[in-house]
Amino acid sequence: MPNDHSGVTNAQSLIDRLKDQIQNLPKESQVRKVGEVLQVADGVALISGLFGAMMGEMLFFPSRSIYGLALNLTKNNVGSVILGEWEKLREGDIAESTGKVLEIPVGDGLIGRVVDPLGSPLDGKGAVLGSEMSLVEKIAPGVITRESVHEPVQTGIKAIDAMIPIGRGQRELIIGDRGTGKTSLAIDTILNQKGQDLICIYVAIGQKESKTAKIVAKLKERGAMDYTIVVSAGASDPAAFVYLAPYAGCAMGEYFRDNGKDALIIYDDLSKHAVAYRQMSLVLRRPPGREAYPGDVFYLHSRLLERAAKLNSDHGGGSLTALPIIETQAGDISSYIPTNVISITDGQIYLESDLFYSGVRPALNVGLSVSRVGSSAQTKAMKAVAKKLRLELAQFRELAAFAQFGSDLDSGTRAQIERGRRLTEILKQPNYEPLSLANEVIAIFIATSGILDNVPAERVKKFEESFRLFIDTEATELTKEINETKDFTEDIQNKVKKLAEEFKKGF
């Protein structure tokens, strides 16, 4: 009979090895919540099995190394927009819950950078060093934490700073047809913040990459990238990126606001944002409403713009000012998205095509433009000249309309119309040439005080430019005093008047 001892020994050693492995197994079990992709189309995936998913949660597709964002939670499946190349996903792929709501890097390390809505670099300068992570979607500060808007954001544009002032913490809509100078106006505002201790964020929403590249080049050329962050979601990017861009930019701005600093954010433009959201919603099978937009399109922009605020001193005293841009079709400001955003914001700057093509730049329609913050967001110097300007322009428009129907005008009416023509000329301003507070105030003052009344209207612009040069070289102390004290006292007014009269003799 053969000896079986060797077989028993082998079996025993195998059992011992298995016991050792069982004893050395990691104590902690790993739980992974996984689902399966049922369908993929147009940047949206339907996933079954993820019953514990949260709204706005990041989902991971391990086989393709792609992330998604859960936006539709139904009884049987989850609708997720894909943040990346959705064409790579296939039916049957695994989707994992990450347990995290979407976060992006924020902080001083982003200043001077061009990034996508997830905070990844687009400028080829290496990794973005955000000092912390922040949720993309946040609840806006409550009424108790806020303070009334009282500090100005100087745009450097005479017509706006005088008649439609913007305050730190305000939401002022820039609205008008395509090609009326909306973006130029916003870029001028950024350029004018040099040395003003205001961090700027420009969000390009669904814009052509070439347009964004030109804007970045302009900002670099003027040294404005030293205090600016550019968030870009291009026209060729997935709708999910275009949808996330303004919220990501807002989170970056909130970091500065919550740390006691002042920030300005420009959303260019929210019309394209609404269109991207409509595209996503229709593919997610949400019921369409007016103009095929989903029912919550108002909430889409209200929850974004409510995050702009001026905080009180107990909460650091920081502010976030929002300048959303809306593009109208054939000047129709009463259509769906424009009326939504008008009702959310604290006023609008309406740029009109007819004015633009007749050579009035910025093409500001004073009748339809309004700032609901008003003169509380103006300096003493600007208040001193703005009141008279508004009144005289309003009278000029009334009289100019009336004068069309009759040729016999008395000398007083004629004088007012001539003064109005000169005021219109003085408010014209070329792109990318924002002015200091002193230069703005002096230009408006010489027009409203009657100094230009006997200068031909077609030469008013030339007079203003030459006089500005004269003041900047011959009376630097005067402009310095206005810029520092932000006041335009009677004494300063008399000095300016005297200088202007002297200059006019040799002009």
Side-chain angles (χ1 to χ4, degrees), residues 149-175 181-182 184-198 200 224 262 264 266 310 319 321-323 345-351 355 360-366 368-394 423-449 461 464-465 468 471 479 481-488 492-493 496:
V149 174
H150 61 275
E151 297 166 297
V153 173
Q154 291 289 139
T155 63
I157 299 162
K158 289 170 286 192
I160 289 167
D161 289 339
M163 295 185 289
I164 309 142
I166 299 167
R168 295 191 178 198
Q170 194 178 342
R171 300 152 301 176
E172 184 78 12
L173 172 64
I174 301 170
I175 185 167
K182 301 186 296 298
S184 302
L185 197 148
I187 299 306
D188 277 349
T189 307
I190 293 178
L191 296 177
N192 198 49
Q193 302 319 312
K194 200 166 190 174
Q196 300 287 330
D197 194 30
L198 190 72
C200 301
D262 293 312
L264 166 76
I266 289 151
K310 168 71 180 156
S319 72
T321 310
L323 295 181
T345 49
D346 309 309
Q348 69 273 353
I349 295 165
Y350 178 51
L351 302 177
L355 285 171
V360 179
R361 316 275 170 88
L364 191 67
N365 181 318
V366 183
L368 292 175
S369 300
V370 63
S371 170
R372 296 190 187 107
V373 173
S375 59
S376 51
Q378 275 179 324
T379 57
K380 273 186 179 178
M382 192 53 84
K383 275 183 197 173
V385 294
K387 193 183 260 184
K388 203 171 178 189
L389 172 72
R390 274 202 209 98
L391 185 66
E392 296 213 347
L393 265 183
L423 286 176
T424 306
E425 284 300 314
I426 210 93
L427 291 177
K428 289 181 182 177
Q429 199 169 332
N431 285 347
Y432 312 126
E433 286 187 27
L435 301 176
S436 68
L437 175 67
N439 285 333
E440 286 184 311
V441 169
I442 289 168
I444 294 166
F445 175 71
I446 61 171
T448 53
S449 60
K461 279 304 294 170
E464 185 221 345
E465 285 163 16
R468 191 191 313 148
I471 286 269
T479 53
E481 190 182 342
I482 298 169
N483 284 327
E484 285 176 2
T485 62
K486 302 202 180 335
D487 203 352
F488 196 54
I492 297 173
Q493 288 181 28
V496 171

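- The closest donor-acceptor contact from the side chain of Arg168 to the backbone of Pro152 lies under 3.5 Å.
- Ile175 is not listed as a side-chain neighbour of Ile349, based on a closest heavy-atom distance of 4.5 Å or more.
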Test side chain to side chain donor-acceptor pair (under 3.5 Å) on Asn192 and Gln154 and set out the steps.
CA-CA 7 Å; Asn192 198 49; Gln154 291 289 139; over 6 Å; no
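- Heavy atoms of other residues, nucleotides or ligands lying less than 6.0 angstrom from NZ of Lys387 number 12 at most.
- In plain terms, the two heavy atoms of Ala443 and Ile426 that are nearest each other are O-CG1, 3.6 Å.
- For the pair Leu389 and Ala162, the tightest heavy-atom approach, listed with the atom from each and the gap, is CD2-CB, 3.6 Å.
- Within the 4.5 Å cutoff, side-chain heavy atoms of Val496 are placed close to those of Phe488.
- Although no hydrogens or angles enter the test, the distance criterion places no donor-acceptor pair under 3.5 Å between the side chain of Ser369 and the main chain of Val366.
- Panel note: side chain Asn365, backbone Leu351; no donor-acceptor pair is recorded below 3.5 Å.
- With rounding to the nearest 0.5 angstrom, the CG atom of Leu437 is 8.0 Å from the CG atom of Asp161.
- Proximity of Arg361 to Pro430: side-chain heavy atoms (C-beta onward) are nowhere separated by under 4.5 Å.
- Between Glu172 and Arg372 there is no salt bridge, since no side-chain nitrogen of the basic residue lies less than 4.0 Å from a carboxylate oxygen of the acidic one.
- Interatomic distance, Leu393 CG to Thr424 OG1, rounded to the nearest 0.5 Å: 5.5 Å.
- With rounding to the nearest 0.5 angstrom, the NZ atom of Lys182 is 10.5 Å from the OH atom of Tyr350.
- When all heavy atoms of Glu392 and Leu423 are compared, the pair lying nearest together is CB-CD1, 3.6 Å.
- With respect to the salt-bridge test (charged N to carboxylate O, under 4.0 angstrom), the residues Glu481 and Lys486 do not qualify.
- Interatomic distance, CD1 of Ile187 versus CG of Asn431, reported as 10.5 Å (0.5 Å rounding).
- Without hydrogens or angle criteria, Asp188 side chain to Tyr432 main chain gives a donor-acceptor distance under 3.5 Å.
- Remark: Gln348 CD to Ser371 OG distance equals 10.0 Å, nearest 0.5 Å.
- In this structure the side chain of Ile442 never reaches within 4.5 angstrom of the side chain of Glu464, judged on heavy atoms.
- Closest non-hydrogen pair, Val149 versus Ser376, comes out as O-OG, 3.8 Å.
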Take Gln196 and Asp262 through the side-chain contact (heavy atoms from CB on, under 4.5 Å) test and state the conclusion after the steps.
CA-CA 10 Å; Gln196 300 287 330; Asp262 293 312; over 6 Å; no
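- Between the side chain of Lys388 and the backbone N or O of Thr448, at least one donor-acceptor pair lies under 3.5 Å.
- Annotation: side chain of Gln378 is in contact with side chain of Pro165 (closest heavy-atom distance under 4.5 Å).
- When all heavy atoms of Ile174 and Ala186 are compared, the closest pair comes out as CD1-CB, 4.4 Å.
- Rounded to the nearest 0.5 angstrom, Leu364 CG and Leu185 CG are separated by 8.0 Å.
- In this structure, Arg468 does not pair ionically with Glu465, as no charged nitrogen and carboxylate oxygen lie closer than 4.0 Å.
- The closest side-chain heavy-atom distance from Leu323 to Val153 is not below 4.5 Å.
- You'll find the side chain of Leu427 reaches within 4.5 Å of the side chain of Met163, heavy atoms only.
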Lys158/Leu435 under side-chain contact (heavy atoms from CB on, under 4.5 Å): CA gap, chis, key distance, verdict:
CA-CA 8 Å; Lys158 289 170 286 192; Leu435 301 176; 3.9 Å; yes
Test Glu151 against Lys310 for side-chain contact (heavy atoms from CB on, under 4.5 Å), laying out the working first.
CA-CA 9 Å; Glu151 297 166 297; Lys310 168 71 180 156; 3.1 Å; yes
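- For the pair Pro434 and Gln429, the tightest heavy-atom approach, listed with the atom from each and the gap, is CA-NE2, 3.9 Å.
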